[in-house]
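Just so it is clear, the values below take in all heavy atoms, side chains as well, and ignore hydrogens, waters and symmetry mates. Below, chains carry the letters A, B, ... as their sequence lines are ordered, and counting in each starts from 1.
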Protein chains: 2
Amino acid sequence: MDGQPSFSLGPSSLTEALYESVRKRIVNGEIAPGEKLTEIRIAGEYSVARPTAKACLERLTALGLLRRTTHKTAVVPKLDESEIRDLYFSRETVERAAVAALARTATVPPDAVRAQAAMKAAAGDMAFASQVEADIAFHSALVAAVGSRRLSRMHEVILGEVHLTMGQFQAHRTTHPMNVVHEHDDILKAIGDGDPERAQQRLTHHLDQAQGRLVSQLRREQTEEART
Amino acid sequence: MDGQPSFSLGPSSLTEALYESVRKRIVNGEIAPGEKLTEIRIAGEYSVARPTAKACLERLTALGLLRRTTHKTAVVPKLDESEIRDLYFSRETVERAAVAALARTATVPPDAVRAQAAMKAAAGDMAFASQVEADIAFHSALVAAVGSRRLSRMHEVILGEVHLTMGQFQAHRTTHPMNVVHEHDDILKAIGDGDPERAQQRLTHHLDQAQGRLVSQLRREQTEEART
DNA sequence: CCAGTATACTTGTCTGACGATTTGGCGACG
DNA sequence: CGTCGCCAAATCGTCAGACAAGTATACTGG
């Protein structure tokens with residue numbers, strides 16, 4: 001019952017709106033990993049032409065949020081352990097550079113502080129999506145504050161995959177969000193103290209933790225489904 | 001298991017071929033910065049349909065090799081000084097991580113050595129394009145050897161813009177390519193010695209030099225055209 | 001000479017279609 | 001009975017043509 005796509009706010013164009021919507025559904029885990037997304041299906045669900053749907057899928061594929069090869073239908077990927085490691089290696093590369101740059105001028109991004117507040121607020125209830133959103137927003141703000149268009153662009157792509165992977169584990173969360181909050185605070189403190197070394201070290205620790213959480217969840221899931 | 005059984009040397013699809021061709025023309029400077037690329041023009045020149053040309057332009061835009069906003073014609077960008085700095089900041093971020101990783105295992109990429117040989121060979125004559133190609137190939141090999149798909153992808157995008165900018169200065173080259181060759185050798189040596197610190201330091205020095213060369217050429221060009 | 005409008009150009013999107021490729025099932029053969 | 005090859009369906013790649021909407025430019029009037 002979507003009716004007419006008369007929502008002309010936000011995204012200027014139809015393609016943009018379509019892209020945003022599908023992207024959201026993917027990273028939020030509404031579309032399960034492994035699920036097929038044909039051009040025709042998208043075109044049908046949103047009442048758009050197939051070329052429009054095609055453009056959307058191609059964009060998502062370029063960002064790593066979909067996998068597809070020529071003449072095969074796109075599927076939502078499920079990152080295996082080695083890919084999660086690769087993802088976090090690149091993520092660490094980008095974010096280390098970011099926090100180092102910020103610490104050098106002792107610049108604490110206001111947006112990151114705001115995201116921290118939002119995360120603390122969401123830690124109480126079980127608003128998973130909100131927690132993940134706030135986490136993403138925190139790291140995003142960190143990199144954005146550096147002011148490098150290209151660094152931010154790279155980071156955006158990486159965070160997309162991170163979001164996707166986190167979204168797929170939503171149901172099985174196991175860690176207390178306050179741990180994450182404290183790790184974030186450590187990073188901000190090091191930046192505020194103008195200590196690049198410590199900031200990088202804290203960041204690396206935080207990302208190692210996060211990566212570990214994902215990997216262990218992945219493993220648990222695998223043994224679980226092997227038992228069936 | 002996943003490898004394409006066919007080594008289709010030519011691009012498998014039409015869009016691919018079109019993209020490759022236009023990309024080459026842009027980074028080689030055949031299409032001057034500021035020049036307009038309309039969908040219709042591309043479609044006409046290559047005898048393809050407009051949607052195909054459109055897809056091509058969109059891909060190039062996503063890679064930063066074209067600039068365009070909604071309902072406006074795509075143009076080949078000319079990076080100004082601040083953008084060159086931004087580009088090299090991101091480049092340094094990625095490549096520093098790469099050489100550090102390689103040095104940690106003292107892995108000297110054979111492809112990088114090969115690219116060095118090619119560069120030395122091209123240093124004699126005035127094959128500019130070849131020199132630039134070899135330079136790009138060297139850095140590309142460096143990052144590829146790390147084995148991180150995502151790092152390589154980010155680097156590919158960055159190198160595209162680097163290639164573009166270098167290509168635009170082709171006519172005015174002023175530096176002896178042997179300088180570059182020696183800087184490259186220093187980096188490889190540090191990697192071979194298993195010394196991440198020195199490798200990173202050599203790399204940073206090299207990139208600073210390269211960036212300086214680009215910026216000074218840009219300035220010279222500007223004062224030159226201001227005199228008219 | 002400036003401003004405002006009108007026209008031409010370009011892009012965004014849609015409809016519809018045809019060829020090419022992959023996929024999955026079905027029957028034939030060893 | 002199992003394996004192989006072939007045919008049909010599904011899906012994608014590409015194309016053509018068309019209309020709407022936005023942008024840039026030129027022209028006209030003040």
> How long is the span from the OG atom in B:S90 to the CZ atom in A:R149, to the nearest 0.5 Å?
Replying inline: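 One finds 9.5 Å between OG of B:S90 and CZ of A:R149.
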> CG of A:L159 to CG of A:L164: how many Å apart, nearest 0.5 Å?
Replying inline: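 Taking CG in A:L159 and CG in A:L164, the distance rounds to 12.0 Å.
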Sequence neighbours excluded, which residues qualify as salt bridge (Lys or Arg N to Asp or Glu O under 4.0 Å) partners of [X]?
X: A:E30; result: none
X: A:D208; result: none
X: A:R91; result: A:E95
X: A:R153; result: none

Rounded to whole Å, please give me the gap between [atom1] in [X] and [atom2] in [N].
X: A:Y46; N: C:dC14; atom1: OH; atom2: P; result: 14 Å
X: B:L66; N: C:dT11; atom1: CG; atom2: C1'; result: 15 Å
X: A:E39; N: D:dT11; atom1: CD; atom2: P; result: 11 Å
X: B:K72; N: D:dT25; atom1: NZ; atom2: C1'; result: 15 Å
X: B:I42; N: C:dT10; atom1: CD1; atom2: P; result: 13 Å
X: A:R68; N: D:dC12; atom1: CZ; atom2: C1'; result: 8 Å

>> Please list, in numerical order, the residues of residues 30-38 of chain A that have a heavy atom closer than 4.0 Å to any atom of DNA chain D.
In response: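 Here the set is A:T38.
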>> Contact list please: residues 54-62 of chain B against DNA chain D, heavy atoms, distance less than 4.0 Å, in numerical order.
In response: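 The stretch gives none, as no residue of it lies under 4.0 Å from the strand.
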With sequence neighbours left out, write down each residue that passes side chain to side chain contact (heavy atoms under 4.5 Å, CB included) with [X], or none if nothing qualifies.
X: B:R85; result: B:E81, B:Q211, B:V215, B:R219
X: B:R50; result: B:E39, B:I40
X: B:V75; result: B:K36, B:R67
X: A:Q116; result: A:M119, A:F138, A:V181, A:H184, A:D185, A:L188

> Excluding sequence neighbours, so at least two apart, what forms ring pair (Phe, Tyr, Trp, His ring centres under 6.0 Å) with B:H155?
Replying inline: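 Partners of B:H155 by the ring pair (Phe, Tyr, Trp, His ring centres under 6.0 Å) criterion come out as none, since no residue qualifies.
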>> Both A:T52 and B:T73 contact DNA chain C. Taking the nearest nucleotide for each, which residue is further toward the 5' end?
In response: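 On the 5' side of the pair lies B:T73.
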Could you go over nucleotides 17-21 of chain D and give all protein N or O partners under 3.5 Å, atom names and distances?
{"residue": "D:dA18", "atom": "N6", "partner": "B:R50", "partner atom": "NH2", "Å": "3.2"}

